[in-house]
Amino acid sequence: MAGPTTAERGERQQPKKSGPPRPPLRRRLPRRRTLVLLAVATVVLGTGLGWLLYGSPWLRTEHVSVSGTRVLTPERVRSTARVPLGSALLSVDTDAIEARLRGELPRIDTVEVSRSWPHGITLKVTERVPVLLIEETGESGASGKSGKSGKSGKSDEGEKSDQQGTGDGNNNKARKYVEVDKKGVRFATVSRVPDGAPLLEWDVVRGASARRFGTERLTRAAVDVARDLPAGVARDTRAVKVRSYDSVSLELRGGRTVLWGSAEQGRAKARTLTALMKAAPRARHFDVSVPTAPASSGS
């Protein structure tokens, strides 16, 4: 029996090709004309978009809207913001505007600066709210009745005149008061007592407590007490009196008083005081220095 021929053996030894056949080389390569057109279209589109955002008259800054003001006037906020009207809206530096407002208007706690397409800048302001007032005496700074000094806040111009309270009628026009917020920031000096903010009064006894804690720490304790007061009590509080770090009291309208104690456990004391006032509405004196053992007296 004759074996396979040499040609047959050669065919058998050749490897078989797998997969689809390759397309011609010219079909796999992108055409140069297509690449050129794509490049030109990209450049034209980028140039047009850049002109639309920065060079066209359609997206220019034309107005500034202000919201959230309580004491400051919108005009004061706009003038301090110094938004470049007429410039491209996208080129307005919103971070710089925010820093300028917070730096030049201490009454502003936070401000949100945003673009309002196609022509506006929006300023959403949150003002600081005073929880305590410190009376200024001369050039030594802010103080209570005992003349303890501290740093004074800046005087705000451009405020709404109807936002200031009428005070207690004791020659307030000749006095200056520093407003302090719940964070302890002294942010403004006013000539009249605003509604809802008690006055800090000092009755510090000279001794170890005064030397140990100092005026600033005692002032901070008074701020913490004023911050934790229930809303209804805060409205009726005329003064926060500091005798020592552990002896802070409140003077309410109608001659009522509250012994608060230290600034610690403020929330618990606030809840206890609210319940105690409801239970003894005719009482004249309340003691919540130990919130788990409150007391009331007088009727």
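The residues of the chain are indexed from 1 along the displayed sequence.
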Asks: Dump the intermediate steps for side-chain contact (heavy atoms from CB on, under 4.5 Å) on L199 and V193, then the final yes or no.
Replies: CA-CA 8 Å; L199 182 66; V193 177; 5.9 Å; no
Asks: I'd like to know whether CD of E264 has more than 12 heavy-atom contacts from other residues, nucleotides or ligands below 6.0 angstrom.
Replies: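 Counting other residues, nucleotides and ligands, CD of E264 stays at 12 neighbours or fewer.
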Asks: Would you sort out whether V125 and E127 count as a side-chain contact (heavy atoms from CB on, under 4.5 Å), showing the intermediate values?
Replies: CA-CA 6 Å; V125 173; E127 294 185 11; 4.0 Å; yes
Asks: Treat each ILVMFWY residue as a node, draw an edge where side-chain heavy atoms are under 4.5 Å apart, and state whether V129 and L72 are in one component.
Replies: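 Result: no, two separate clusters.
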Asks: Drop me the distance from E98's CD to I108's CD1, to the nearest 0.5 angstrom.
Replies: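 These two atoms lie 10.0 Å from each other.
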Asks: Could you give me the CA-CA distance, side-chain angles and deciding distance for L133 and L200, then say whether side-chain contact (heavy atoms from CB on, under 4.5 Å) is met?
Replies: CA-CA 6 Å; L133 298 175; L200 172 63; over 6 Å; no
Asks: Please name all residues satisfying salt bridge (charged side-chain N to carboxylate O under 4.0 Å, His left out) with R217, sequence neighbours left out, ordered by chain then number.
Replies: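 R217: no salt bridge (charged side-chain N to carboxylate O under 4.0 Å, His left out) contacts found.
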Asks: For residues S116 and L89, report the shortest heavy-atom separation together with the two atoms involved.
Replies: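 Looking at all heavy atoms of both residues, the shortest contact is O-CD2, 4.2 Å.
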Asks: Determine whether a donor-acceptor pair (N or O, by modelled atom type, separation under 3.5 Å) exists between the side chain of R227 and the backbone of G184.
Replies: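 Checking the backbone N and O of G184 against the side chain of R227, no donor-acceptor pair under 3.5 Å is found.
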Asks: Between R60 (side chain) and G86 (backbone), is there a donor-acceptor pair under 3.5 Å?
Replies: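 Flag set: sc R60 to bb G86 pair under 3.5 Å.
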Asks: Walk me through whether V131 and L229 qualify under side-chain contact (heavy atoms from CB on, under 4.5 Å).
Replies: CA-CA 9 Å; V131 298; L229 292 179; over 6 Å; no
Asks: Find the distance between CD (E135) and CH2 (W202) and round it off to the nearest 0.5 Å.
Replies: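 That separation rounds to 13.5 Å.
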Asks: Check for a donor-acceptor pair, side chain of K269 on one end and backbone N or O of W260 on the other, with a separation under 3.5 Å.
Replies: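 Indeed, once roles are kept as given, a pair shorter than 3.5 Å links the two residues.
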Asks: Kindly check if the number of other-residue, nucleotide or ligand heavy atoms within 6.0 Å of CZ (R267) is above 12?
Replies: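 Open: at most 12 neighbouring heavy atoms sit under 6.0 Å from CZ of R267.
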Asks: Can you tell me how far apart CG (L101) and CZ (R107) are? Round to the nearest 0.5 Å.
Replies: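 Separation between the atoms: 14.5 Å.
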Asks: Is the shortest side-chain N to carboxylate O distance from R128 to E179 below 4.0 Å?
Replies: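 Salt bridge flag = no for E179 with R128.
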Asks: Is a side-chain donor or acceptor of R186 paired with a backbone partner of V180 at a separation under 3.5 angstrom?
Replies: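 Flag not set: sc R186 to bb V180 has no pair under 3.5 Å.
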Asks: Please tabulate, one pair per line, all N/O donor-acceptor pairs under 3.5 Å involving side-chain atoms of residues 270-280, not counting sequence neighbours.
Replies:
from : atom 1 : to   : atom 2 : distance (Å)
T272 : OG1    : A268 : O      : 2.9
T272 : OG1    : P291 : O      : 3.3
T274 : OG1    : A270 : O      : 3.0

Asks: Checking R78 side chain against V64 main chain: does a donor-acceptor pair fall under 3.5 Å?
Replies: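 At least one qualifying donor-acceptor pair exists.
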Asks: So does R82 have more than 12 non-hydrogen atoms from other groups sitting under 6.0 Å from CZ?
Replies: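 Counting other residues, nucleotides and ligands, CZ of R82 exceeds 12 neighbours.
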Asks: Given 3.5 Å as the limit, does a donor-acceptor pair link the side chain of R115 with the main chain of L90, or not?
Replies: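 A pair under 3.5 Å: yes.
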Asks: Have S289 and D287 got a donor and an acceptor in their side chains that come within less than 3.5 Å?
Replies: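 On atom types as modelled, these side chains qualify, holding a pair under 3.5 Å.
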Asks: Starting from L259, can I reach V290 by hopping between I/L/V/M/F/W/Y residues whose side chains sit under 4.5 Å apart?
Replies: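 Not linked; separate clusters.
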